[in-house]
S.K.: 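Dropping the structure in here first, questions after.
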Amino acid sequence: MSSTSFIQGTTGNNAVGRVFNFSAGPAVMPLAVLEQIQQELLNYKGTGMSVLEMSHRSAAFEDIIHQTEANIRKLYNIPANYKVLFLQGGASLQFTMVPVNLLAKDASADYILTGSWSQTAFKEGKKSGQVRVAGTSEASNFDRIPAQAELQLDPNAAYLHFTSNNTIFGTQWAAEPVSLDGVPLVCDTSSDILSRPLDISKYGVLYGGAQKNMGPAGLTIVIIREDLLARTPSNLPAMLDYRLLSEKESLHNTPPTFAIYATGLVTNWLLENGGLAETAKRNSAKAGLLYQAIDNSEGFYKGHAQPASRSNMNVTFRLPTEALEKAFVKEATAQGMDGLKGYRTVGGIRASIYNAFPYEGVEALVQFMQAFQDNNR
Ligand SMILES: Cc1ncc(COP(=O)(O)O)c(C=O)c1O
């Protein structure tokens with residue numbers, strides 16, 4: 001297949017030159033959303049200005065933030081006793097905000113280590129309080145999600161932290177770990193946020209950056225059960241203080257207005273396309289196609305994740321040699337498939353196929369994989 005056919009397949013008529021973007025984040029956005037942004041860029045709904053130029057205290061922006069929150073609430077079916085916060089600082093700042101708000105001086109928090117990001121969350125947590133490892137898959141280079149029976153949970157933990165999808169290693173929790181009675185579950189859901197339905201009532205806190213599944217970089221969503229806000233100590237700096245930020249409805253200072261607007265459009269698109277149940281089906285169909293190609297390659301392609309722990313968001317695999325991996329990435333890029341190089345701790349290839357990644361892009365990759373294997377056996 002020629003490179004042009006890949007490129008046209010991705011884009012429709014009026015955006016020629018776009019590639020299949022396998023980037024781990026910031027990542028592909030729905031084309032319909034980009035087109036709407038383009039259309040509304042100079043004059044948003046008759047306001048005579050761009051959202052880029054608009055006060056965060058204006059009525060038009062208030063509508064945008066309220067609608068975006070309503071969309072997220074609807075998609076996740078978020079119970080009324082949870083707050084949705086629109087923050088900045090990325091998931092990385094949440095590695096600090098979670099313990100400074102929720103971990104009292106005399107208490108300890110549990111962390112499950114399933115990859116680099118949960119290790120970083122743990123290390124950052126340690127700077128703010130007492131933390132312990134409740135489970136880890138480090139011994140096999142994070143190729144799996146620990147079983148519930150392997151977890152050593154502290155019944156008095158301030159919270160149990162886990163990472164629902166491990167962006168670098170390509171593993172994902174099929175279902176969340178079960179925390180002990182009274183121990184809130186805290187989840188870094190940066191790389192699978194809004195990719196499947198969740199029972200939010202099982203969680204104390206969920207947080208994630210918007211830039212993979214939900215919108216552009218610059219916005220972090222925090223969903224927090226209201227009773228946990230009582231734990232926030234009174235002397236925290238304002239920008240770290242969940243209780244204050246929640247009382248001010250995310251408008252204590254200037255929020256990332258344009259990222260909130262774009263996330264609003266992506267969440268509209270998710271609702272129009274069947275909500276999270278349909279989104280999850282599309283995501284497993286895409287990932288299934290790719291894993292099938294790996295499994296049918298007679299060992300030419302080797303998946304990093306153990307099958308039961310495979311991620312529907314980031315598919316990681318190796319080729320027989322590093323030289324072949326280099327050639328694979330180079331040739332794929334030349335054919336309009338961008339961002340396939342794996343992260344250095346795993347090596348090989350990583351195909352990130354978040355919500356907005358089109359099915360035909362996975363089909364194109366699978367065809368390319370077959371041709372590459374035939375040419376390089
Ligand atoms: C699972 C996970 N957690 C945290 C982060 C860090 O997020 P941010 O760059 O928004 O701070 C990432 C980024 O890729 C991630 O994939």
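One-based numbering, in listed order, for ligands and for the atoms of each. Residues: numbered from 1 along the sequence shown. Values in this document were obtained by computation on a predicted structure and should not be read as measured data. Atom set for the values below is all heavy atoms of this structure, side chains included, hydrogens, waters and symmetry mates excluded.
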S.K.: Counting each atom of ligand 1 from 1 as listed, which ones have a heavy atom of F95 under 4.0 Å away?
M.R.: 4 (C)

S.K.: State plainly whether one hydrophobic cluster holds both Y354 and I349, where clusters connect Ile, Leu, Val, Met, Phe, Trp and Tyr through side-chain heavy atoms under 4.5 angstrom apart.
M.R.: no

S.K.: May I ask you to check whether D241 and N101 show a side-chain donor-acceptor distance below 3.5 Å?
M.R.: no

S.K.: Under 4.0 Å from a heavy atom of D188: which atoms of ligand 1 are those, numbered in the order shown and with their elements?
M.R.: 1 (C), 2 (C), 3 (N), 4 (C)

S.K.: Please classify the A91 to ligand 1 contact at 4.0 Å (heavy-atom distances, strictly less than): side chain, backbone, both or neither.
M.R.: both

S.K.: Give the numbers and elements of all ligand 1 atoms closer than 4.0 Å to a heavy atom of N165.
M.R.: 1 (C)

S.K.: Heavy atom to atom 15 (C) of ligand 1, shortest distance: which of Y343, W117, Y207 holds it?
M.R.: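 Ranked by closest heavy atom to atom 15 (C) of ligand 1, first place is W117.
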
S.K.: Under a heavy-atom criterion of less than 4.0 Å, does Q94 contact ligand 1?
M.R.: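 Checking ligand 1 against Q94, which is what was asked, there is no heavy-atom contact under 4.0 Å.
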
S.K.: Considering the heavy atoms of T163, write down every atom of ligand 1 situated less than 4.0 Å from one of them.
M.R.: 1 (C)

S.K.: Please identify which atoms of ligand 1 are closer than 4.0 Å to at least one heavy atom of S190.
M.R.: 1 (C), 2 (C), 3 (N), 4 (C), 15 (C)

S.K.: If the cut-off is 4.0 Å to any non-hydrogen atom of G90, which atoms of ligand 1 fall inside it?
M.R.: 10 (O), 11 (O)

S.K.: Applying the side chain to side chain donor-acceptor pair (under 3.5 Å) test to E69, which of R73, H66, Q67 qualifies?
M.R.: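 The residue from R73, H66, Q67 that satisfies side chain to side chain donor-acceptor pair (under 3.5 Å) with E69 turns out to be R73.
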
S.K.: Could you tell me whether E40 and K45 have a side-chain N and a carboxylate O separated by less than 4.0 Å?
M.R.: no

